[in-house]
Amino acid sequence: MNSVGEGCTDLKREYDQCFNRWFAEKFLKGDRSGDPCTEMFKKYQHCVQKAIKEKDIPIDGVEFMGPNKDKP
Amino acid sequence: MGRYFCNESELNCAWDRILSAFWQRYPNPFSTHVLTEDVLFREVTPDNCLLSRRLFTKTNLLPRWAERVFPSHLNRSVYIVEDSVVDPKAHTLTTHTLNVNHTRFMTVVERCVFHGVEERPSWTQIRREAWITSGVFGLSRPIQKFGLARFKSNQVKSMKGLEYALSKLHSESQPSRIHGDQDQDSPLPPATQKPQEYS
């Protein structure tokens, strides 16, 4: 799958691979040892946030919607 | 006045397998309308829940009559934010999704809960709700009607896409069983109430 930032797709795929492995092998099994994907995520984010600003995607101000969110 | 949609279904698949597939469902043959996918935020809370935010770009295909009325919407994609909480103790994944552009034309808010049931560990329940509104004076009803139809069609694609991802990851997954849709042309539930129950 491609990233919204054309130059970020490789960074995204690298991060996704790391996350999917950690999620299935550690997180779901209750292993609370650290997240090995942090550095990869930072690089990916640096790229994707730049793309979001350049494309003027209006995500600022959208508060995180948790499970107890009131309905619209 | 808006439209409310609720659908409950079950997948013959354990919850944790569905979770892994959830993050890997794109691309799939049923998701050609999904153009990009990005993770913007991830955090594990002190009580070991996983919070995530994803951003999607999707195509915005409109019916002919809408293309004539809203020419500026042609060739413009829809940006969609999905926030999710995975609670591995409670075996729930709750997602909230909404579009962050084209909001005056139509807003679609979706809440989806994937719930693993302890007594039936090889099944996962899925409850999907949507609230569809339009702020366009004089056209909100046909826009909402179109929005509801598109949502239902995308919901079917979404489930097929998830099943496709599951079968790629785990060869022993089974087809889903849909209990049925309920949609209403009724005033939206007020913010303080729980959504209408489906029975």
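Note on naming: letters A, B, ... go to the chains in the order of the sequence lines (proteins, then strands), and numbering restarts at 1 for each one.
Of the listed residues (B:Val44, B:Thr107, B:Leu50, B:Val86), the one with the most heavy-atom contacts under 4.5 Å to chain A is B:Leu50. Interface summary for chain A: among B:Thr97, B:Thr95, B:Asn48, B:Val100, the most heavy-atom pairs under 4.5 angstrom belong to B:Asn48. In terms of non-hydrogen atom pairs under 4.5 Å with chain B, the most contact-rich of A:Val62, A:Ile52, A:Thr9 is A:Val62. When A:Ile57, A:Val48, A:Ile59 are compared by the number of non-hydrogen pairs under 4.5 Å with chain B, A:Ile57 comes out ahead. When B:Gln24, B:Lys89, B:Glu82 are compared by the number of non-hydrogen pairs under 4.5 Å with chain A, B:Gln24 comes out ahead.
More than 12 heavy-atom neighbours from other residues, nucleotides or ligands sit within 6.0 angstrom of NZ on B:Lys157.
With sequence neighbours excluded, the residues forming a side chain to side chain donor-acceptor pair (under 3.5 Å) with A:Glu6 are A:Lys55, listed by chain and number. When the side chain to side chain donor-acceptor pair (under 3.5 Å) test is applied to B:Arg42, the partners found at least two apart in sequence or on another chain are A:Tyr15, B:Ser52.
The side-chain heavy atoms of B:Cys13 and B:Glu163, taken from C-beta on, include no pair separated by under 4.5 Å.
Near-neighbour residues of residues 27-40 of chain A relative to chain B, defined by a heavy atom under 4.5 Å from a heavy atom of that chain, comprise A:Phe27, A:Leu28, A:Arg32.
The contact between B:Tyr26 and chain A is made by backbone and side chain atoms together, counting heavy-atom distances below 4.5 Å.
A donor atom on one side chain and an acceptor atom on the other are not found under 3.5 Å apart for B:Arg128 and B:Ser9.
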Scan the side chains in residues 33-41 of chain B for donor-acceptor partners under 3.5 Å anywhere in the protein, sequence neighbours excluded, and list what turns up.
residue : atom : partner : partner atom : Å
B:Thr36 : OG1  : B:Thr57 : N            : 3.4
B:Thr36 : OG1  : B:Thr57 : OG1          : 2.5
B:Glu37 : OE1  : A:Lys12 : NZ           : 3.2
B:Glu37 : OE2  : B:Arg54 : NH1          : 2.6
B:Asp38 : OD1  : A:Ser3  : OG           : 2.7
B:Asp38 : OD1  : A:Tyr44 : OH           : 2.7
B:Asp38 : OD2  : A:Ser3  : OG           : 3.3
B:Asp38 : OD2  : A:Val4  : N            : 2.6

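Checked by atom type and distance alone, the side chain of B:Asn99 pairs as donor or acceptor with a backbone atom of B:Val108 at under 3.5 Å. The backbone N or O of B:Ser77 sits less than 3.5 Å from a side-chain atom of B:Asn101, completing a donor-acceptor pair.
Using a cutoff of 4.0 Å between basic side-chain nitrogens and carboxylate oxygens, A:Lys43 and A:Glu14 are not scored as salt-bridged.
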